[in-house]
Amino acid sequence: MDFTYSEKTEQLCARLRDFMDDHIMPRIGQWYEEVHAGTYPVSFMEDLKALAKEEGLWNLFLPGLRDDEPGTRLTNLEYAPLAEIMGRVPWSPEVFNCNAPDTGNMEVLHLFASEQQRAQWLVPLLNGEIRSAFAMTEPDVASSDATNIQTAIRRDGDHYVINGRKWFITNAHHPQCKVFIVMGKTDPDGDIYRQQSMVLVPMDTPGVELVRNVSVLNHHSPEGHSEVLFHDVRVPVSNLIGSEGDGFMIAQARLGPGRIHHCMRAIGMAEVCLELMVARSQERKTFGRYLHQHGSIAEWIARSRIEIEQARLLVLKTAAMIDEAGARGARKEISMIKVIAPTLLTTVADRAMQVFGAMGASPDTPLADFYTAGRVLRYADGPDEVHLQTIARLELKESRDSLLDAARFLAGSGR
Ligand SMILES: Cc1cc2nc3c(=O)[nH]c(=O)nc-3n(C[C@H](O)[C@H](O)[C@H](O)COP(=O)(O)OP(=O)(O)OC[C@H]3O[C@@H](n4cnc5c(N)ncnc54)[C@H](O)[C@@H]3O)c2cc1C
């Protein structure tokens with residue numbers, strides 16, 4: 001596999017870096033000030049979105065756009081370095097309409113929505129006019145196994161009636177969030193993978209209640225990881241995505257590319273942690289030496305570089321495999337990178353925090369935010385253990401073909 005960035009990718013990377021330098025970096029302080037003052041979305045967001053669109057840095061994540069849909073048609077492999085650049089400032093992907101969970105939701109609508117659903121929801125999402133949320137996880141059941149989901153989606157004439165409680169629903173507190181994709185059960189007694197369906201629920205439907213914005217590691221996210229109650233929520237049957245019973249299959253399709261977008265951004269964050277660690281270690285001295293002259297810190301720097309390079313290569317391989325074989329063909333790689341990238345981020349962020357001394361735990365560096373992002377990513381889009389189980393299952397399945405070879409090795413060694 002050749003991972004050399006194409007000329008088109010190099011050009012886009014250069015333009016994106018310039019945009020980040022000129023428009024994003026100078027506004028980091030203001031973003032935090034406004035968010036802490038309770039203003040969200042921040043005042044400059046719409047201006048920056050308009051500028052990004054004008055400059056063709058828009059919807060970079062979605063390969064299969066129609067001719068009439070705005071965006072830059074890139075493969076997952078071409079998108080990888082761009083997502084990495086955006087990851088360096090965690091709020092910046094929204095400027096380019098490349099933020100989760102809207103990206104995953106747009107992919108779902110792109111693949112499965114009816115023409116009417118596309119016009120009502122996908123078009124304004126692709127234009128960045130509204131935001132959306134994906135509501136699967138429930139407090140009352142272990143949601144890493146999506147077959148456990150209990151929310152009821154009951155047919156009543158021309159409507160579905162939805163009852164259930166969800167939490168950790170990212171974006172639900174975003175003031176521009178207008179629609180949920182809700183996963184629930186239309187056929188609780190059916191085949192275990194055909195019980196679930198997905199429906200579009202406009203935010204302003206009676207019975208939708210935002211209960212609270214749940215903080216993560218005591219970190220407040222302005223867009224929310226929210227607890228949401230659906231109480232006798234009625235939507236027309238035309239709001240069903242695909243057919244009844246497609247929910248599990250759509251959930252699987254949704255999480256393929258979306259999972260690796262998180263990993264691409266995590267690598268960008270890990271790069272910033274390493275840059276800060278290197279810079280700090282060259283300006284602080286203890287016991288007569290710069291910090292990098294102490295062996296332990298030099299080793300952290302070296303190990304961080306090795307681990308980032310390893311993770312990046314696996315992200316690129318995974319992206320190339322999704323392009324060639326689809327998310328299903330890249331299942332093992334998607335799970336592998338989904339385990340590696342969040343741990344890489346927490347490891348490198350943790351080392352950098354240590355090099356900064358107490359300042360590393362303060363809000364005066366982005367390190368604590370990066371650490372938090374890495375740690376919570378170990379649950380979001382499936383906990384590590386579920387991905388490890390997938391990898392082991394596939395490995396065992398593949399190994400059946402090589403059992404004969406293994407037997408030969410054992411025979412050859414005289415045992
Ligand atoms: C920041 C953040 C954002 C999120 N955004 C969204 C969102 O927008 N929409 C949404 O629907 N959900 C979202 N989630 C929820 C996330 O997808 C779930 O937390 C995740 O799927 C795990 O479900 P659970 O929390 O119910 O854990 P449980 O299912 O209760 O699992 C608990 C633990 O059990 C262990 N475990 C599970 N299965 C296995 C296994 N096979 N082998 C060994 N151990 C196992 C794991 O350690 C796991 O962490 C978000 C979560 C976070 C932290």
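Quick caveat: nothing in here was measured; it's all calculated off a predicted structure. Indexing begins at 1, ligand by ligand and atom by atom, following the structure's order.
- At a threshold of 4.0 Å, the pair D156-R234 counts as salt-bridged, since one of the basic side-chain nitrogens sits closer than that to a carboxylate oxygen.
- Atom OG1 of residue T318 and atom CG of residue N76 lie 10.0 Å apart, to the nearest 0.5 angstrom.
- Proximity of S144 to ligand 1, defined as any heavy-atom pair under 4.0 Å, is shared by backbone and side chain alike.
- Q389 OE1, 3.0 Å is the protein heavy atom nearest to atom 41 (N) of ligand 1.
- Residue-environment remark: CE (M25) stays at or below the threshold of 12 foreign heavy atoms within 6.0 Å.
- The aromatic ring centroids of F96 and F19 lie less than 6.0 Å from each other.
- Regarding atom 38 (N) of ligand 1, its nearest protein heavy-atom neighbour is V386 CG2, 3.4 Å.
- In summary, the atoms of ligand 1 found under 4.0 Å from a heavy atom of T137, numbered by their order in the structure, are 10 (C), 11 (O), 12 (N), 13 (C), 14 (N), 15 (C), 16 (C), 17 (O), 18 (C).
- For atom 24 (P) of ligand 1, the choice among S143, G382, A251 with the nearest heavy atom turns out to be S143.
- Of the listed residues (W167, F168, F134), the one carrying the non-hydrogen atom nearest atom 52 (C) of ligand 1 is F168.
- Residue contacts with ligand 1, taken as heavy atom pairs separated by less than 4.0 Å, involve M136 via backbone and side-chain atoms alike.
- Ring orientation note: the planes of F44 and W91 are tilted relative to one another, at an angle of 30° to 60°.
- Within the structure, the closest approach of N148 to ligand 1 does not fall below 4.0 Å when heavy atoms are considered.
- Of all protein heavy atoms, the one closest to atom 49 (O) of ligand 1 is P383 CB, 3.6 Å.
- We find the NE2-CG distance between H219 and D369 to be 4.5 Å, quoted to the nearest 0.5 Å.
- The presence of a protein heavy atom under 4.0 Å from atom 16 (C) of ligand 1 is confirmed.
- Of all the atoms in ligand 1, the ones that sit under 4.0 Å from a non-hydrogen atom of V376 are 1 (C), 53 (C).
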Verdict with reasoning, E55 to R15, per salt bridge (charged side-chain N to carboxylate O under 4.0 Å, His left out): CA-CA 9 Å; E55 298 203 6; R15 279 167 48 202; 5.7 Å; no
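- Proximity to D381 (heavy-atom distance under 4.0 Å) selects the following atoms of ligand 1: 17 (O).
- Salt bridge present: R305 and E271 bring a charged side-chain N and a carboxylate O closer than 4.0 Å.
- Put simply, atom 34 (O) of ligand 1 has no protein non-hydrogen atoms near it, under 4.0 Å away.
- Shown are E94, E223, E129; of these, the side chain to side chain contact (heavy atoms under 4.5 Å, CB included) with Q176 is made only by E94.
- Closest to atom 20 (C) of ligand 1, if we only count protein heavy atoms, is Y379 O, 3.5 Å.
- Among protein heavy atoms, the minimum distance from atom 3 (C) of ligand 1 is reached at T170 OG1, 3.4 Å.
- Remark: of the listed residues Q150, E227, E138, E227 is the sole one forming a side-chain hydrogen bond (donor to acceptor under 3.5 Å, both in side chains) with R165.
- Within the listing of ligand 1, atoms 26 (O) sit less than 4.0 angstrom from a heavy atom of V141.
- Heavy-atom proximity to E385, at under 4.0 Å, picks out these atoms of ligand 1: 42 (N), 43 (C), 44 (N), 45 (C), 46 (C), 47 (O).
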